[in-house]
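Structure first, commentary second.
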Amino acid sequence: MTGHAIAPRRVSFDWAGTELHWIPDEPTATHVINVLHLLLPAGERWFVRVFKEGLPLVTDPELRKDVKGFMGQEATHSIQHAYVLDHLAEQRLPTEAYTRYVDFLFEKLLGERPPFGLPVPTGEWLRFRLSLVAAIEQFTAVLGDWVLGAEGLDRAGADPVMLDLLRWHGAEEVEHRAVAFDMYQHCGGSGLPRYARRLEGMAVVAPVLAWLWIWGAAYLIRQDPRLAGRLRYSLREHNRAVAKGLLPTWRELGTAIPRYFRRSYHPSQEGSLRRAVEYLAASPAARAAAGAVGRAAMS
């Protein structure tokens, strides 16, 4: 349990002034980060559905409260990233040819019932999907902490509205970094089978996420109307953006996996909760949301 109150913030963002290449002159870095918008609307709706299935199994009242807060935050993330997809479409960058596969992954392959009639017991299928959510949340916590300290994005003149979206989301990922793990530990059985399933979850998530990300970045760059086919995704351009501090290092991402494999591991070790809370207190979108709630309470 987090010991920190987790609650959704009903933020909103105005995309009217955000350029397609919201990191100026950096299309590769822009679109590598834009993959978040391709994955998260369907992915975070799926988180909420899986947790709704598991919620009746939660007997600890504090964990139950954290899980409900997590679900509220993830539902809000899904909605806000979906609005960015609408903004990309307005700028003549369609995403449906990619997102339909993401929808198929989360709605069909990882839906409430095992795909293709696989004879997996209902409880085991739920525990497996909870292990996937916990593994994904390991990466979102790492990415969230990275973006909060990514001064390279500020130096590059990144769009302030997009930065606020990413940092608000990143801060909430750090804020609830342990909830999915605690949910899995609570509902995932006990002993060696629970630990083995946790490893299995990461063994599935890490390569699939890497593949989806590279495919997504390549897709966005190929479809970008401003590039008109003059650029392709490449590790050389990716690594150039990493060197400028515009993307996390491979080491930052890769070392998250062996940490997670430690039997004694707990996600409370990831990132800085203090930095996350400080950003949430300063975020323009989060402050506006808090002000709206306050005005509604007084009316």
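Heads up: numbering here begins at 1 and tracks the sequence.
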Flag the pair Tyr260 / Ile257 as yes when at least one side-chain heavy-atom distance between them is below 4.5 Å, and no otherwise.
-> no
Value rounded to 0.5 Å, distance of CG in Leu38 from CH2 in Trp213 = 9.5 Å
Residues which pass salt bridge (Lys or Arg N to Asp or Glu O under 4.0 Å) with Asp86, listed by chain and number, not counting sequence neighbours = none
Give, for atom CG of Leu209 and atom CD1 of Ile214, the distance between the pair rounded to the nearest 0.5 Å.
-> 10.0 Å
Looking only at side chains, do Asp164 and Tyr279 share a donor and an acceptor under 3.5 Å apart?
-> yes
For residues 58-80, the ring pair (Phe, Tyr, Trp, His ring centres under 6.0 Å) pairs (sequence neighbours left out) are Phe51-Phe70, Phe70-His176, His77-Trp168, His77-His169
Taking all heavy atoms of Leu247 and all of Ala29, pick out the closest pair and write down the distance.
-> CD2-O, 3.9 Å
Which residue pairs pass the side chain to side chain donor-acceptor pair (under 3.5 Å) test when at least one of the two sits in residues 222-233, sequence neighbours left out?
-> His21-Asp224, His31-Asp224, Tyr233-His238
Between His4 and Asp66, the two heavy atoms sitting closest are O-OD1, 4.2 Å
Determine, step by step, whether Leu166 and Leu143 satisfy the side-chain contact (heavy atoms from CB on, under 4.5 Å) criterion, reporting the C-alpha distance in whole Å, the side-chain angles of both residues, the deciding distance to 0.1 Å, and the verdict.
-> CA-CA 10 Å; Leu166 296 172; Leu143 290 171; over 6 Å; no
Sequence neighbours left out, what pairs pass side chain to side chain donor-acceptor pair (under 3.5 Å) with at least one residue falling in residues 88-115?
-> His87-Gln91
When rounded to the nearest 0.5 Å, the distance separating OG1 of Thr30 from CG of Leu246 is 8.5 Å
Can you name the residues that form a salt bridge (Lys or Arg N to Asp or Glu O under 4.0 Å) with Lys52, not counting sequence neighbours?
-> none
Across all chains, not counting sequence neighbours, the side chain to side chain contact (heavy atoms under 4.5 Å, CB included) partners of Glu252 are Trp146, Pro248, Thr249
Any side-chain heavy atom of Pro27 sitting closer than 4.5 Å to one from Ile221?
-> no
Contacts of Trp125 that satisfy ring-ring contact (aromatic ring centres under 6.0 Å, His included) - sequence neighbours left out = Phe128
4.5 Å side-chain heavy-atom contact, Val50 and Leu132 = no
What residue pairs, at least two apart or across chains, pass side chain to side chain donor-acceptor pair (under 3.5 Å) with a residue in residues 192-210?
-> Glu124-Arg197, Tyr184-Arg197
Compute whether any side-chain donor of one residue and acceptor of the other, for Arg9 and Thr76, lie under 3.5 angstrom apart.
-> no
For the student: nearest non-hydrogen atoms of Leu88 and Leu20, plus distance | CD2-CD1, 3.8 Å
Which residues pass the side chain to side chain donor-acceptor pair (under 3.5 Å) test with Arg262, sequence neighbours left out?
-> Gln269
Determine whether Met71 and Val67 make a side-chain contact, defined as any pair of heavy atoms from C-beta on separated by less than 4.5 Å.
-> yes
Partners of Ser12 by side chain to side chain donor-acceptor pair (under 3.5 Å), sequence neighbours excluded?
-> none
On a heavy-atom basis, the closest approach of Pro24 and Gly157 is CD-O, 3.4 Å
Kindly indicate, with the supporting measurements, whether the criterion side-chain contact (heavy atoms from CB on, under 4.5 Å) is fulfilled by Leu126 and Leu57.
-> CA-CA 11 Å; Leu126 174 59; Leu57 304 178; 3.8 Å; yes
Spacing of Phe181 atom CZ and Ser131 atom OG [to the nearest 0.5 Å] | 11.5 Å
Asp14 and Ala16 have their tightest heavy-atom pair at OD1-N, 3.0 Å
Side-chain heavy-atom pair Phe13, Thr18 within 4.5 angstrom cut-off = no
Do Leu280 and Glu172 touch side chain to side chain, with heavy atoms closer than 4.5 Å?
-> yes
Under the 3.5 angstrom rule, does the side chain of Glu175 hit a backbone N or O of Leu273 as a donor-acceptor pair?
-> no
Can you sort out the partners of Glu173 under salt bridge (Lys or Arg N to Asp or Glu O under 4.0 Å), two or more places apart, ordered by chain and number?
-> none
Spacing of CZ belonging to Arg177 relative to OG belonging to Ser268, to within rounding of 0.5 Å | 6.0 Å
Expected output: side-chain His186 to main-chain Thr59 donor-acceptor under 3.5 Å = yes
With the side chain counted from C-beta on, respond yes when Leu153 and Val147 share a heavy-atom pair under 4.5 Å apart, and no when they do not.
-> yes
Who passes salt bridge (Lys or Arg N to Asp or Glu O under 4.0 Å) against Glu44, sequence neighbours left out?
-> none
Identify the heavy atoms of Ala180 and Glu137 that sit nearest to each other, and give their distance.
-> CB-CG, 3.7 Å
side-chain contact (heavy atoms from CB on, under 4.5 Å) evaluation trace for Val35 with Leu212 = CA-CA 8 Å; Val35 175; Leu212 286 171; 6.0 Å; no
CD (Glu26) and CD (Glu237) are apart, to the nearest 0.5 Å, by 8.0 Å
Under the 3.5 angstrom rule, does the side chain of Arg240 hit a backbone N or O of Arg236 as a donor-acceptor pair?
-> no
Stepwise side-chain contact (heavy atoms from CB on, under 4.5 Å) check, Trp46 with Glu74 | CA-CA 9 Å; Trp46 176 73; Glu74 297 291 28; over 6 Å; no
Going by heavy atoms in the side chains, are Tyr265 and Gln138 under 4.5 Å from each other?
-> yes
